[in-house]
Amino acid sequence: MTAVEIMVNKYRISLLRMSKLFVFLMGFLRVTAQGVEIGSTEDYALRMLQLQGKLDQKYSLMARPFFKERHLAADSIYKLIDDDSVNLKVTRKKLGNKGIWGVFPLMINSQLNTHHPYGWDQPGFIQTNGFQGFITSGVYTAIGPLSIQLKPALLYATNADFEHSNAYGAATKGNYSKVLPGQSSIRLNAGSVSLGVSTENLWWGPGIYNSLLMSSNAPGFPHLTFNTTRPVETPIGSFEWQLVSGKLNEDTMLLREDKNLTTTYYNPRNYDGSGYSGPYDPSAKWRYFNGLTITYQPKWIKGLFLGINRVAYAYNDSLLSGTSSFFHSYLPVIFGVFRQTYSYGLNLPAGKKRYKQMLSLHARYLFPQAHTEFYAEYGWGDNQYNIRDFVLNTPHATAYILGARKIVPLSTKNQWLDVQAELTRLSQPSDYIPRTAGNWYGYQGGYTQQSRIIGAGIGPGNNVQTFATTWVHGWKRLGIKLERLQHDPNNYPVYWSDYSVGFTGQQRFGKWIASSLLQFIQSKNYTWEAGKDRFNFYGTLNLTYVF
């Protein structure tokens, strides 16, 4: 063999090794990172599938959207719900040998209130009286490490007037329609992590009906995200996280949910504190948002998930005010927690504030053999000055969520009784009398996106207790829901409470999946006026068609 032939053979071997390395890396990078839309039938089923033992308990389900791995495509989740789902297949095609593309199911949702706005955690809907409808679908593709999903949505609402008072509500502006970017994203994925731009809804924490800091109550806001797509294993256990930076804005066609559905945003205070500046300009006065969630599952205690959520937001023109560095300005959630050690107002002009911050600790304990889970989230608002202040008055400016769920297997195959109970308290504890902290969502322009609260959608300073029991057989569901909602009990001499009885149902008709909630609500002392009792009907109908 000549020297030339030896060199050619070595070159061929090198190319072969490089091609094998490339194929290996592409296999490592090639993950779809397709999220399960919050509020969809798949998303609603995930917790129950885990309690049934059909979904691996390694997933915390406390930082959603849940990202499907290769063995958990939508078709597989459908089959986990019901074995008789063989003809329920999502359209998904190969793009040669390099990727895939597919079509999202069509979702048509509708909602009706007959007297005044009620309801929360219906992604895309607004707080309004009357009828509103919402339709969304889209396409996705994954090519190597790149994944793209486009899922815009169209909303229409009659936005009808409702009975209001000086303390609650205001005149509406009539018919409302809007095209939203919906659950859209562009991501680069590698193994267990993903980096991208997204407008998807997020849900942080263990709550089923509410979340203190991040829920699907408001439309998704544009954000940069760095997150895990599945648990990252370490010698001490597994971790999941998401770091987000985004932009919050308002819609002056809507009433402010964090201000008791009034129009406070039309006259915001000037940044220097000198009176009012006239009509609100969303393009000029938006808020920068930074948030972080981390969940840890200890290696030695299976089924236990511990986590922390932290968010901070501020008006755009105060981000670089004062002497803070770039990282302090744009990544405040990774720096000091207490006011004494963190530059909330350091070297800022009089009347200017930097960030509003909130923090919560959360836990979920899963007992798959008993088909049971317990969970809690406990949060603090932006009022602790230092460690001494925290130790002496730990409950100050706090809120919490407590919940439990158990599913009981019935004698017939794949039939279950699902029992849930959840308590959310946003009203201030009793120390508000000598030292008020204000409500959780009403500071620094409001913790809102397009006038809807990003956290618990029950309203600022409100409390709610929910109990539900549901018979489940595959796709079939039939249940009853009891609920009591207290409206801001600390700030008014008269208590306004809503008592409701609701009926839930779900059924599959071929490729159509229909679900509904019919809720009958008696409002006692409506708008905090004694003896002013009102009846309201709240109903939803959600249709999903799988292409």
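Heavy-atom basis, side chains included; hydrogens, waters and symmetry copies ignored. The residues of the chain are indexed from 1 along the displayed sequence.
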Please name the pair of heavy atoms, one in Thr398 and one in Pro395, separated by the smallest distance, quoted to 0.1 Å.
OG1-O, 2.6 Å
Evaluate whether atom NZ of Lys524 has more than 12 neighbouring non-hydrogen atoms of other residues, nucleotides or ligands under 6.0 angstrom away.
no
Indicate yes or no for a side-chain donor-acceptor contact from Asn525 to the backbone of Trp528 under 3.5 Å, with no hydrogens or angles considered.
no
Can you name the one residue among Asp161, Thr158, Asn159 that meets side chain to side chain donor-acceptor pair (under 3.5 Å) with Thr172?
Asp161
Within the distance-only criterion (no hydrogens, no angle test), does the side chain of Gln519 pair as donor or acceptor with the backbone N or O of Gly539 below 3.5 angstrom?
no
Apply the test salt bridge (Lys or Arg N to Asp or Glu O under 4.0 Å) to residues Arg47 and Glu373: give CA-CA distance (whole Å), side-chain angles for both, the deciding distance (0.1 Å), then the verdict.
CA-CA 10 Å; Arg47 292 272 279 258; Glu373 65 170 315; 3.1 Å; yes
Under the side chain to side chain donor-acceptor pair (under 3.5 Å) rule, what do Ser60 and Glu240 come out as? Steps first, then yes or no, please.
CA-CA 8 Å; Ser60 73; Glu240 300 170 72; 2.9 Å; yes
Kindly assign one of parallel, tilted or perpendicular to the pair Phe520 and Phe535, based on the angle between their ring planes and the thresholds 30° and 60°.
parallel
Is Lys259 salt-bridged to Glu257, cutoff N-O under 4.0 Å?
no
Distance from Lys481 atom NZ to Phe503 atom CZ, nearest 0.5 Å?
13.0 Å
With side chain to side chain donor-acceptor pair (under 3.5 Å) as the criterion, how do Asp488 and Asn491 come out once you've worked through the C-alpha distance, each side chain's angles and the decisive distance to 0.1 Å?
CA-CA 6 Å; Asp488 202 358; Asn491 289 326; 3.0 Å; yes
Assess the residue pair Thr448 and Asp258 against the criterion (side chain to side chain donor-acceptor pair (under 3.5 Å)); give the C-alpha distance rounded to whole Å, side-chain angles, the decisive distance to 0.1 Å, and a yes or no.
CA-CA 7 Å; Thr448 56; Asp258 63 315; 4.6 Å; no
Donor-acceptor contact present, side-chain Gln132 to main-chain Ile126, <3.5 Å
yes
Phe239/Tyr296 aromatic ring centres below 6.0 Å:
yes
Residue that, paired with Tyr313, satisfies ring pair (Phe, Tyr, Trp, His ring centres under 6.0 Å) out of Tyr441, Phe221, Tyr447, Trp286
Tyr447
Indicate yes or no for a side-chain donor-acceptor contact from Asn290 to the backbone of Val244 under 3.5 Å, with no hydrogens or angles considered.
yes
Sequence neighbours excluded, the answer for ring-ring contact (aromatic ring centres under 6.0 Å, His included) partners of Phe226 is Trp241
Does the Thr540 side chain pair with the main chain of Gln111, one donor and one acceptor, at a distance under 3.5 Å?
no
Should Lys178 and Asp251 count as an ion pair when the cut-off is N to O under 4.0 Å?
yes
Picking from Asp498, Asp533, Val501, what satisfies side-chain contact (heavy atoms from CB on, under 4.5 Å) with Gln522?
Asp533
CG of Asn490 to CD1 of Ile433: how many Å apart, nearest 0.5 Å?
8.0 Å
Nearest 0.5 Å please: distance from the CG atom of Leu426 over to the CD1 atom of Ile458.
4.0 Å
Rounded to the nearest 0.5 Å, the CD atom of Gln420 sits from the NZ atom of Lys406 at a distance of 13.5 Å
Mind listing the closest non-hydrogen atom pair of Ala157 and Thr128 along with its distance?
CB-CG2, 4.4 Å
Side-chain donor/acceptor of Glu200 to backbone N/O of Gln183, under 3.5 Å:
no
Of all heavy-atom pairs linking Gln57 and Gln50, the shortest is CA-NE2, 3.5 Å
Which pair of non-hydrogen atoms, one from Trp440 and one from Leu359, has the smallest distance, and what is that distance?
CH2-O, 4.5 Å
The residue among Arg287, Gln450, Gln449 that forms side chain to side chain donor-acceptor pair (under 3.5 Å) with Glu250 is Arg287
Does a donor on one side chain and an acceptor on the other come within less than 3.5 Å for Gln506 and Trp475?
no
Phe305: ring-ring contact (aromatic ring centres under 6.0 Å, His included) partners, not counting sequence neighbours:
none
Side-chain touch Trp416/Gln52, heavy atoms, less than 4.5 angstrom
yes
Do you know the tightest heavy-atom contact between Asn201 and Gly220?
ND2-N, 3.5 Å
Heavy atoms of Ser497 and Gln486 approach each other most closely as OG-CG, 3.9 Å
For the pair Glu529 and Thr527, evaluate side chain to side chain donor-acceptor pair (under 3.5 Å) and give the outcome as yes or no after the intermediate values.
CA-CA 6 Å; Glu529 297 181 40; Thr527 66; 3.1 Å; yes
Under the rule for ring-ring contact (aromatic ring centres under 6.0 Å, His included), what residues qualify as partners of Tyr526, not counting sequence neighbours?
His115, His116, Trp496
Nearest-0.5 Å distance, NE2 of residue His396 to CZ of residue Arg435:
3.5 Å
Under a 3.5 Å distance rule, please check whether Arg452 uses its side chain to pair with a backbone N or O of Phe125 as donor and acceptor.
yes
Salt bridge or not for Glu163 and Lys532, using N-O below 4.0 Å?
yes
Check the pair Tyr176, Leu155 against side chain to side chain contact (heavy atoms under 4.5 Å, CB included), reporting the backbone distance first and the verdict last.
CA-CA 8 Å; Tyr176 176 87; Leu155 169 69; 3.8 Å; yes
Roughly how far, to the nearest 0.5 Å, is the CG atom of Leu402 from the CG atom of Leu423?
5.5 Å
Check the pair Phe67 / Val36 against side chain to side chain contact (heavy atoms under 4.5 Å, CB included), numbers first and verdict last.
CA-CA 6 Å; Phe67 290 92; Val36 175; over 6 Å; no
is_close_aromatic(Phe390, Trp380), centroid dist under 6.0 Å
yes
